[in-house]
Structures are given as C-alpha cells and as structure tokens.
Amino acid sequence: MEKMNIMQLHQTGQLSEAQVHYEDYLSRNPDDTDVLHLLAIVYLQKKQVQSALSCAKKLHKLAPANSNYLVVYANCQSLLNQDKHATKLFNRAIDLCDNPAHIYNMMGNHYYRKGCFEDAKKSYQCAQELNPTLHEARFNYILTLINTKDYDEALVTLETLVSQVNSLEYQIQLSQLYHQLGHTDKAREQYQAILSQDPTHYMTHHRLASLYLEDQDLKQAKHHYKQVIQLMPSHTETLHNLASIYLNQKQYQEALVFWHKQAEIEPDATTYYNLGICYYYLNRFDDAGIYLTQCLECDPNYTNAYLNLANLSLRSGQAKEAIGYYKLVLSKDPTCEEARYLLAA
C-alpha cells in the first residue's frame, strides 16, 4: 500500500490496520524516517510503549537533530518513568526548533503526568507565549490550575477560552467546573447547551441528572438518567441512582428493574441488600431472604442485612434465629443500639 493511503488509515483512526501496513512498508523501506515516526506514534496511541521506544531509538540514530523525532523519544521515556532522560530530550528538541510552542505543551503534559504541576504550568505558559493560538496549551494550563485548586483563575481563563473557541471539550470542562464550584444555574445552562449540540453525550445527561437530583427535581433527574441508560445501558452508577430514586419514592417494582440490571452487570453487597429491601417492602419475604443472604456472602460484615434477616425470622415466628442474628450484629458492631434494644426486649 502507498504511504499516503496508509496515512489516511492512520488519520481516520484505523490504528491496527495502519500499523500492519506501516510495518510492511518499512520492511521494504527501512530508512524511511517519516514512516518510522508515524509508526512510533501509532504504537504510542495503542499504548505499546516499548515498540514505540524501539522506533524512537532508530529515529534518533538516523536523524539525531530532528526535534519531532526527539519529542517522540521523550514521550516514550516519560511514559516509562525515565523522567530525567525525558526532560533532557524535551529540552534538546526545544533548542533545535524555531518555534517550540507545541514541544513546551508536550513537556507540560510530561510534568502533569508526574504531578509536577508548577513545572507543568511554566511549560504551558511558555507554549502560550510562543503561540497564543495554541488553545490546547491554554486548556492544559487550566486543567493544571484545577488540580492545584486555583479555581478563580481557572474559571476566568476557561470562560474566556470557551468564548473564543467553539470546542465541546472546553464547554464540558466549564460545565463541570461550574457544578464543582456550586454555580448550579450556570452549570445547568452549560449542560443544556452541550446537549443541544450533542444529545448523545451520556455523561452530560448523567451530570445534569445529578444536578437535578441535588435540587430535588426528581422528574427531570429520572428523565436524564433514563437518557443515559438508553445511550449506555451498562452504566452502573446511573442504574444505582435511578433505582435509589424509585426506592425512596416507594415505587419498589420500578426500583427492582434497575437493581436487577445492576446486579447482572456488577453484583455487590449493596445491590443485593437493596434488592432484598425492595422485596421485603413488597411482602415477598422468601425473595428478600435470598438477596439478603447473597449480600452477606459478598460482605459478611453488612450488619443491616443481619438486622433485616432477623426481622424476617421474627415474622416467621423463629425468635431463636432472630436472636442469633442480633448477636451477630453486636459481635460485628457493639455500638448498634437497634440490635441491643431488640435483643433486650
């Protein structure tokens, strides 16, 4: 396959197919540094760092003064936690490049990954000074400000960026920051603006639902959580939240639908417990006992499950069994007043 055709595969995200053809091309043209560079990038995109490093070392031998190749080499070393070597390579690439704004941005990413946020800020600032239109560097700078809890500067800078650049990614970050800082009206407005552009963005539906839930607008919360389930049926947090709303509204049959879906995907003690509680309130006591027992199989220290099994035992006239459950509760949590009171009754 011709080089340009392979590059088109790469650009359209067909990484595995592009990799195969790049490798085949290099078997016939082993010194083509452009293709070797592109193959290294594919390897990095596929998180095959050692393979990318092998390409980067060959590039360094073939063209040691090429700044773009040095950046790939630096990124490999960074991902392999060879921090000093990575920094040295980034600095070498900067020295060789006429306008190294993009290199400063990538060096900022290196520092960001390592949690060196002050160094990351400096790198991103250098990138912006050299190229004010490199919006990615400004956005990365904002993410660093959020990590260092410089929220005021982050918010002002991000609002300015969103007003200048039509980017869904930037708008999403702004909506989250509004939400995080308690600016609920602005967060809601921003979430709705995002959904008007992309109604399939399930995490925005999820966040907007959470905002409505905080405001006790359960109708809107359920609506947006259901949108999430339509788009992402296995989103367990949303299944849990929907089931919890129905449980609190005493709509136990509806709650069961979502608890069962969650149990199929990600069974855990809490889900089994909630299934047991729903069945208990529906007077389906045998089913309640089954799921409360499954809860304890997942977590033998889940004291509320013992308490409810004790209640089931009392309902069926098995007082000795109930006493045994209460004693188990107190052995695991001596401060449980409910168990202590009922045991003394």
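Numbering of residues begins at 1 and proceeds along the displayed sequence. What you see is a predicted model; the values in this text were computed from it and never measured.
For N166, the side chain to side chain donor-acceptor pair (under 3.5 Å) partners at least two apart in sequence or on another chain are Q171.
No more than 12 heavy atoms of other residues, nucleotides or ligands lie within 6.0 Å of NZ in K122, so this atom counts as exposed by the packing criterion. Atom CG of N81 is surrounded by more than 12 heavy atoms from other residues, nucleotides or ligands within 6.0 Å. No more than 12 heavy atoms of other residues, nucleotides or ligands sit less than 6.0 Å from atom CD of E189. Enclosure of atom OH in Y281 is not indicated, since only 12 or fewer non-hydrogen atoms of other residues, nucleotides or ligands lie within 6.0 angstrom. Under a cut-off of 6.0 angstrom, the local environment of CG in N99 is crowded, with over 12 non-hydrogen atoms contributed by other residues, nucleotides or ligands.
No chain of hydrophobic side-chain contacts below 4.5 Å, direct or via other Ile, Leu, Val, Met, Phe, Trp or Tyr residues, connects L134 to L130. In the hydrophobic clustering of ILVMFWY residues, with side-chain heavy atoms under 4.5 Å counting as a link, V35 and L59 come out together. Under the 4.5 Å side-chain contact rule for hydrophobic residues, L39 and I6 share a cluster. In this structure, V71 is a member of the same hydrophobic cluster as Y111, with clusters built from ILVMFWY side-chain heavy atoms closer than 4.5 Å. Both L145 and V165 are assigned to one and the same hydrophobic cluster, defined by single-linkage of ILVMFWY side chains at heavy-atom distances under 4.5 Å.
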Side-chain donor-acceptor contacts of residues 221-231 below 3.5 Å, not counting sequence neighbours, with atom names and distances?
{"from": "K222", "atom 1": "NZ", "to": "Q249", "atom 2": "OE1", "distance (Å)": "3.1"}
{"from": "H224", "atom 1": "ND1", "to": "H205", "atom 2": "ND1", "distance (Å)": "3.0"}
{"from": "Y225", "atom 1": "OH", "to": "S210", "atom 2": "OG", "distance (Å)": "3.3"}
{"from": "Y225", "atom 1": "OH", "to": "N241", "atom 2": "ND2", "distance (Å)": "3.2"}
{"from": "K226", "atom 1": "NZ", "to": "Y246", "atom 2": "OH", "distance (Å)": "2.9"}

For residues 290-305, dump all side-chain donor-acceptor pairs below 3.5 Å to protein atoms at least two apart in sequence or in another chain.
{"from": "T293", "atom 1": "OG1", "to": "G289", "atom 2": "O", "distance (Å)": "2.7"}
{"from": "D299", "atom 1": "OD1", "to": "N301", "atom 2": "N", "distance (Å)": "3.0"}
{"from": "N301", "atom 1": "OD1", "to": "K332", "atom 2": "NZ", "distance (Å)": "3.3"}

Pair D150, T148 - check side-chain hydrogen bond (donor to acceptor under 3.5 Å, both in side chains), show working. CA-CA 6 Å; D150 296 318; T148 55; 2.8 Å; yes

side-chain hydrogen bond (donor to acceptor under 3.5 Å, both in side chains) evaluation trace for T12 with Q14: CA-CA 6 Å; T12 55; Q14 299 176 67; 3.0 Å; yes

Passes side-chain hydrogen bond (donor to acceptor under 3.5 Å, both in side chains), S175 versus Q190? Steps please. CA-CA 5 Å; S175 65; Q190 194 66 40; over 6 Å; no

Start with the C-alpha gap between E23 and Q19, add the side-chain angles, then the distance that decides, and say whether side-chain hydrogen bond (donor to acceptor under 3.5 Å, both in side chains) holds. CA-CA 6 Å; E23 288 170 343; Q19 176 186 330; 3.2 Å; yes

Can you list the steps and then say if K121 with E118 is a salt bridge (charged side-chain N to carboxylate O under 4.0 Å, His left out)? CA-CA 5 Å; K121 284 181 190 177; E118 293 306 317; 3.3 Å; yes

Let me see the working for D217 and R188 under salt bridge (charged side-chain N to carboxylate O under 4.0 Å, His left out), right down to the final yes or no. CA-CA 13 Å; D217 187 340; R188 187 182 299 107; over 6 Å; no

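Checking side-chain atoms of N29 against main-chain N and O of D32 turns up no donor-acceptor pair under 3.5 Å. Using a distance-only test at 3.5 Å, with no hydrogens or angles considered, no donor-acceptor pair links the side chain of R138 to the main chain of T133. Formation of a donor-acceptor pair under 3.5 Å by the Y252 side chain with backbone atoms of L282 is not found in this model. In terms of modelled atom types and a separation under 3.5 Å, the side chain of S331 and the main chain of L328 share a donor-acceptor contact. Checking side-chain atoms of S54 against main-chain N and O of S51 turns up no donor-acceptor pair under 3.5 Å. In this structure, Q128 contributes its side chain and Y124 its backbone to a donor-acceptor pair below 3.5 Å. Side chain of T271 to backbone of P267: no donor-acceptor contact under 3.5 angstrom is found. Side-chain atoms of H201 come within 3.5 Å of backbone N or O of T204 as a donor-acceptor pair.
Rounding to the nearest 0.5 Å places OH of Y73 at 6.5 Å from CG of L89. Rounded to the nearest 0.5 angstrom, L275 CG and T270 OG1 are separated by 11.0 Å. Taken from CG in N248 to CG in L218, the straight-line distance is 8.5 Å, to the nearest 0.5 Å. Residue N140 holds its CG atom at 5.0 Å from CG of N109, rounded to the nearest 0.5 Å. Atom OH of Y22 sits about 10.5 Å away from atom NE2 of H37, to the nearest 0.5 Å. Atoms SG and OH, from C278 and Y273 in turn, are 10.5 Å apart once rounded to the nearest 0.5 Å.
Side chains of Y212 and R207 form no contact here, defined as non-hydrogen atoms less than 4.5 Å apart. Residues E321 and Y325 have side chains in contact (heavy-atom distance under 4.5 Å, counting atoms from C-beta outward). Side-chain contact check for Q220 versus L211: every heavy-atom pair is 4.5 Å or farther apart. For the pair I245 and E254, the minimum side-chain heavy-atom distance is 4.5 Å or more. Here the side chains of L44 and C76 are in contact, with some heavy-atom distance below 4.5 Å. The closest side-chain heavy-atom distance from S16 to K46 is below 4.5 Å. N91 is listed as a side-chain neighbour of M107, based on a closest heavy-atom distance under 4.5 Å. Using a 4.5 Å cut-off on side-chain heavy atoms (C-beta onward), Q45 and H10 make contact.
Of all non-hydrogen atoms in E153 and Y141, the two that sit nearest each other are OE2-OH, 2.8 Å. Across all non-hydrogen atoms, the minimal contact from M1 to Y25 is O-CD1, 4.0 Å.
Annotation: F285 is not in aromatic contact with Y279 [ring centroid separation under 6.0 Å not met]. Taking the centre of each ring, H235 and Y202 come in below the 6.0 Å mark.
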